[in-house]
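Below is one structure, written out as structure tokens, with a few remarks after it.
Both counts, for ligands and for their atoms, begin at 1 and track the order of listing. Bear in mind the structure is a predicted one, so any value in this text is a computation, not a measurement.
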Amino acid sequence: MQVLDLGCGVGRDSIPIAQSIQAYKGKIYCIDLLPSAIQLLNQNAEQYGVTDTIISQAIDVENFLINKNTFDYIVACSCLEHVSSEAVFQTKLEEMKAGTTVGGINCILMSTEVKEIDVLTGEEQVGLIELNLSTEKAFTYLREVYTDWNISIEKSVQQEIKEEKNGRLIIFRSNWITFVAQARD
Ligand SMILES: C[S@@+](CC[C@H](N)C(=O)[O-])C[C@H]1O[C@@H](n2cnc3c(N)ncnc32)[C@H](O)[C@@H]1O
């Protein structure tokens with residue numbers, strides 16, 4: 001079992017996946033832009049006894065070329081909304097697809113329609129995120145790219161996170177989408 005975790009962070013998904021594939025000599029490739037995240041991921045891998053199962057790299061997802069027909073499962077959780085353009089988003093999806101083996105799965109979770117609401121004034125601003133797609137547009141791209149795969153999950157839920165930003169209390173509001181598709185035999 002070969003797995004790829006794009007934007008893995010400190011391993012919230014990578015570590016449990018590594019634990020479940022370790023016995024079968026599987027490998028999970030974990031990439032993240034931040035060297036500090038990769039450092040913590042490696043510490044967590046050690047703590048949970050999965051260093052032999054994890055291969056990690058600090059790299060921008062845009063520069064990480066996914067080899068064709070390599071991965072059984074690719075997860076991108078809170079990663080693809082950080083690419084620099086819609087064109088890159090589409091290209092990366094195509095690359096993920098081409099990098100997946102027959103019967104393999106791609107799981108994409110991302111924020112769309114991100115807004116920041118000032119808690120004191122109620123003022124609403126467009127969220128500061130690299131790729132702030134409308135929910136409909138994100139689904140349109142995903143459906144187009146994965147048109148010849150089986151789509152098993154496609155859902156969107158609104159989420160709100162209260163946080164402090166530059167001394168202001170804001171609500172980070174977005175539609176959190178989940179899209180899971182499987183390559184047909
Ligand atoms: C909200 S965290 C999610 C981490 C992990 N996937 C999870 O679900 O816990 C988003 C991660 O994406 C990484 N990230 C942001 N832009 C990226 C990029 N261009 N290439 C690779 N990773 C990126 C961040 O460094 C961060 O660790």
*Run the side-chain hydrogen bond (donor to acceptor under 3.5 Å, both in side chains) check on S14 and D5 step by step: do they pass?*
CA-CA 7 Å; S14 331; D5 187 356; 2.7 Å; yes
_Donor-acceptor under 3.5 Å (K27 side chain, I55 main chain)_ = no
*Does the side chain of R184 reach to within under 4.5 Å of the side chain of W149, using non-hydrogen atoms?*
no
*Write down, by chain and number, every protein residue that brings a non-hydrogen atom to less than 4.0 Å from an atom of ligand 1.*
G7, C8, G9, R12, D13, D32, L33, L34, I59, D60, V61, C77, S78, H82
_Looking only at side-chain N and O atoms, does T100 offer a donor or acceptor that is under 3.5 Å from a partner on N106?_
yes
*Do the side chains of E116 and L128 get nearer than 4.5 Å, heavy atoms only?*
yes
*asked:* Strictly distance-based, threshold 3.5 Å: is any side-chain N or O of D72 a donor or acceptor partner for the main-chain N or O of Q2?
replied: yes
